[in-house]
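This report concerns only the one structure given below.
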Amino acid sequence: MPAPASDPARILVVFGTRPEAIKLFPVVAALQADPRFDARVCVSAQHRGMLDQVLDIAGIVPDFDLDVMKPDQSLDALTAALLTGLGRVMDEVQPARVVVQGDTATAMTGALAAYYRKIPVDHVEAGLRSGNIYHPWPEEINRKIIGTMASLHFAPTETSAAALKAENVDPARIHVTGNTVIDALHWVTRRIAEQPSLAGGLADLEARFAGKRIIGVTSHRRENFGGGLEAIAEAVRRIAARDDVALIFPVHPNPNVRRVMDGALAGLANVAMIEPLDYPHFARLLSLAEIMLTDSGGVQEEAPALGKPVLVMRETTERPEGIAAGTARLVGTDSTRIVTEIFTLLDDKPAYEAMARAHNPFGDGHSARRIVELLGNEI
Ligand code: UD1
Ligand code: UDP
């Protein structure tokens, strides 16, 4: 690592939700370990509890915390609060560059506030595109907005790099780095190996469901609110009618999700609806599960890396790499389709084995280091 020639460059890393925190803590750690940078962290706290779970395990103490989360916040109110709050922090910090990740409201407004101040903004997990502005909603547009302003585009794969080139982004500004989620997953796996108690909190459930085949479930997408979530709940009910399975479902705290799941699934003997798990415990669930059933973005990346078949409850995905690798399959939100696909994986061994192969289309676990090297070329 070269010695700093002058004052370290002040970089403001902005994030606010659980997945951003998981995917940026490796970058924050790499920046903080490099004397060329003076890394400052601003969390919007668009998520509160789920964000704090990641900050705790990663040992990050933010320099700024906007604490914007309100119950069931609308996109309008959230966007307005984020833009003004993040702008104020940028005025105070005067960073040389701003780093955002992914496609949340925090990432989009963080990029916009930086652009308004003509501060270069660098985008981690750039170039994901589904081609449909309502799936995922509003993330597809958030990513595109960030892509029009970003200085450096850190694309996780060649596919995402190609999507940016197709939008006429300067190829010299696009770098294929892998996805930092794999860095995070490797890190947490090492931590659990050193200290198994970090993921020991599922022991009671593991005992309760001993001998059953575990299916991990997550669901939170806005475009599935209403009918989509009801159909997902109905599918879980029908899967749970089998004696040989148990479903472990950490339920997203969004009230739109809770209402539906509490109404449809409470009291089922082999469905455990639990609070969101911290990252080590979620990694434990990934290793216990025979199948993951999810509409999450991050889980679509982690499951293939671990060789876990993942059924994706969406009509389309901006992460086609898992599908191409054969570990992920789009199943939509029709309950009969979901049940049929799960039963096929449970009952047809060759079909299961065809999906259960570890692939690493999303990275090798060294993405954060590459990103920090590339940032170093800009200062
Ligand atoms: C947000 C992101 C989405 C991302 C997801 C990851 C936007 C518009 N959406 O969706 O892209 O995939 O996070 O999970 O940026 N809540 C809590 N505690 C928490 C977190 C949320 O109670 O720790 C509840 C609050 O009532 C909050 C609601 O969930 O108002 C919705 O949170 P919000 O961040 O607006 O949307 P998500 O659906 O979580
Ligand atoms: N995750 C977690 N605890 C949970 C559920 C998920 O730590 O109870 C992690 C998961 O490993 C992944 C990320 O949260 O890294 C995905 O977040 P989410 O599904 O909320 O958002 P998305 O990826 O869809 O934007």
Side-chain angles (χ1 to χ4, degrees), residues 15-26 43-58 67-79 81-82 100-110 125 128 136-143 146 179-185 187-189 199 201-202 216-225 229 248-259 272-287 289 292 294-303 305-306 308 310 312-314 317-319 362:
F15 55 93
T17 65
R18 168 174 66 194
E20 293 167 273
I22 288 172
K23 290 170 171 178
L24 280 175
F25 79 70
V43 295
S44 69
Q46 176 180 335
H47 285 173
R48 186 72 274 171
M50 298 201 302
L51 172 73
D52 292 345
Q53 283 181 322
V54 187
L55 296 176
D56 284 352
I57 184 71
D67 202 22
V68 300
M69 196 189 87
K70 301 264 190 313
D72 203 10
Q73 55 211 356
S74 74
L75 289 177
D76 304 9
L78 175 62
T79 301
L82 288 167
V100 299
Q101 192 281 336
D103 52 20
T104 67
T106 295
M108 187 273 283
T109 52
E125 198 183 81
L128 277 64
W137 173 76
E139 289 80 6
E140 179 78 358
I141 281 293
N142 284 345
R143 288 192 286 259
I146 300 167
N179 196 311
T180 54
V181 77
I182 305 299
D183 302 36
L185 189 61
W187 180 88
V188 82
T189 305
L202 291 176
V217 185
T218 79
S219 179
H220 70 82
R221 300 246 33 97
R222 266 174 207 265
E223 64 273 15
N224 288 342
F225 285 179
L229 284 181
I248 300 182
F249 186 173
V251 184
H252 193 289
N254 193 314
N256 298 288
V257 179
R258 291 255 153 133
R259 236 185 336 266
M273 286 199 294
I274 56 177
E275 290 300 314
L277 293 168
D278 67 17
Y279 198 41
H281 283 94
F282 195 76
R284 174 76 187 147
L285 174 57
L286 283 167
S287 74
M292 292 302 298
T294 191
D295 61 13
S296 160
V299 179
Q300 287 179 64
E301 295 153 346
E302 293 160 334
L306 299 170
K308 295 288 171 174
V310 54
V312 181
M313 297 183 290
R314 299 191 189 183
T317 182
E318 65 283 13
R319 293 167 168 90
F362 297 104

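As the structure lists them, so they are numbered: ligands from 1, and atoms in each ligand from 1.
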### Task
Apply side-chain contact (heavy atoms from CB on, under 4.5 Å) to Asn254 and Asp72, showing your working.
CA-CA 7 Å; Asn254 193 314; Asp72 203 10; 4.2 Å; yes
### Message
The test is side-chain contact (heavy atoms from CB on, under 4.5 Å); show your working for Ile57 and Trp187 and say whether it passes.
### Response
CA-CA 11 Å; Ile57 184 71; Trp187 180 88; 4.0 Å; yes
#### Entry: Worked verdict on Thr109 versus Thr79 for side chain to side chain donor-acceptor pair (under 3.5 Å)
CA-CA 7 Å; Thr109 52; Thr79 301; over 6 Å; no
### Task
Evaluate the side-chain contact (heavy atoms from CB on, under 4.5 Å) criterion for residues Phe15 and Lys23: first the C-alpha distance (whole Å), next the side-chain angles of each, then the deciding distance (0.1 Å), finally the verdict.
CA-CA 10 Å; Phe15 55 93; Lys23 290 170 171 178; over 6 Å; no
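Below 4.0 Å from some heavy atom of Ile22 lie the following atoms of ligand 2, by number and element: 7 (O), 9 (C), 13 (C), 14 (O), 15 (O). Close contacts of ligand 2 with Ser296, meaning ligand atoms under 4.0 Å from a residue heavy atom, involve 16 (C), 18 (P), 19 (O), 22 (P), 23 (O), 24 (O). With ligand atoms numbered from 1 in the order given, ligand 2 contributes 8 (O) to contacts under 4.0 Å with heavy atoms of Pro276. Atoms of ligand 2 found under 4.0 Å from any heavy atom of Leu277 (numbered from 1 in listed order, with element): 2 (C), 3 (N), 4 (C), 7 (O), 8 (O). Every atom of ligand 2 with a heavy atom of Pro250 under 4.0 Å away is listed here by number and element: 8 (O). Near Gly297, meaning under 4.0 Å from any of its heavy atoms, are these atoms of ligand 2: 22 (P), 23 (O), 24 (O).
Under the 3.5 Å distance criterion, the side-chain polar atoms of Thr180 are left unmatched by any main-chain donor or acceptor of Asp183. At least one donor-acceptor pair under 3.5 Å links the side chain of Arg258 to the backbone N or O of Val251. A donor-acceptor pair under 3.5 Å is absent between the side-chain atoms of Arg18 and the main chain of Met50, judged by distance alone. Between the Gln53 side chain and the Pro276 main chain, a donor and an acceptor come within less than 3.5 Å of each other. A side-chain donor-acceptor contact under 3.5 Å links Arg314 to the backbone of Asp295.
At the top of the distance list for atom 23 (O) of ligand 2, counting protein heavy atoms only, stands Gly298 N, 2.7 Å. Nearest protein neighbour of atom 25 (O) of ligand 2, counting heavy atoms only, is Pro19 CG, 3.5 Å. Of the protein's non-hydrogen atoms, the one nearest atom 17 (O) of ligand 2 is Arg18 NE, 3.6 Å.
Considering both main-chain and side-chain atoms, Glu302 comes within under 3.5 Å of ligand 2 through a nitrogen or oxygen pair. On a distance-only criterion, His220 and ligand 2 share at least one N/O pair closer than 3.5 Å.
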Are there any N/O pairs under 3.5 Å between ligand 1 and the protein, and if so, what are their distances?
from	atom 1	to	atom 2	distance (Å)
ligand 1	11 (O)	Glu139	OE2	2.4
ligand 1	13 (O)	His47	NE2	3.1
ligand 1	14 (O)	His252	NE2	3.2
ligand 1	15 (O)	Gln46	NE2	2.8
ligand 1	15 (O)	Ala105	N	2.8
ligand 1	23 (O)	Arg48	N	3.3
ligand 1	23 (O)	Gly49	N	3.2
ligand 1	23 (O)	Met50	N	3.0
ligand 1	26 (O)	Asp72	N	2.8
ligand 1	30 (O)	Lys70	O	2.6
ligand 1	30 (O)	Asp72	N	2.8
ligand 1	30 (O)	Gln73	N	2.9
ligand 1	34 (O)	Gln46	NE2	2.9
ligand 1	34 (O)	His47	NE2	3.3
ligand 1	35 (O)	Gln73	NE2	3.4
ligand 1	35 (O)	Arg222	NH2	2.7
ligand 1	36 (O)	Arg222	NH2	3.1
ligand 1	38 (O)	Asn254	ND2	3.2
ligand 1	39 (O)	His47	NE2	2.6
ligand 1	39 (O)	His252	NE2	3.1

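Salt bridge Arg221/Glu139: present, at least one basic N to carboxylate O contact under 4.0 Å.
Two residues are said to be in side-chain contact when any heavy atoms from C-beta on lie closer than 4.5 Å; Glu140 and Glu223 fail this criterion.
The parts of Tyr279 lying near ligand 2 are both backbone and side chain, judged by heavy-atom distances below 4.0 Å.
For the atom pair CG of Leu78 and CD of Gln46, the computed distance is 4.5 Å after rounding to the nearest 0.5 Å.
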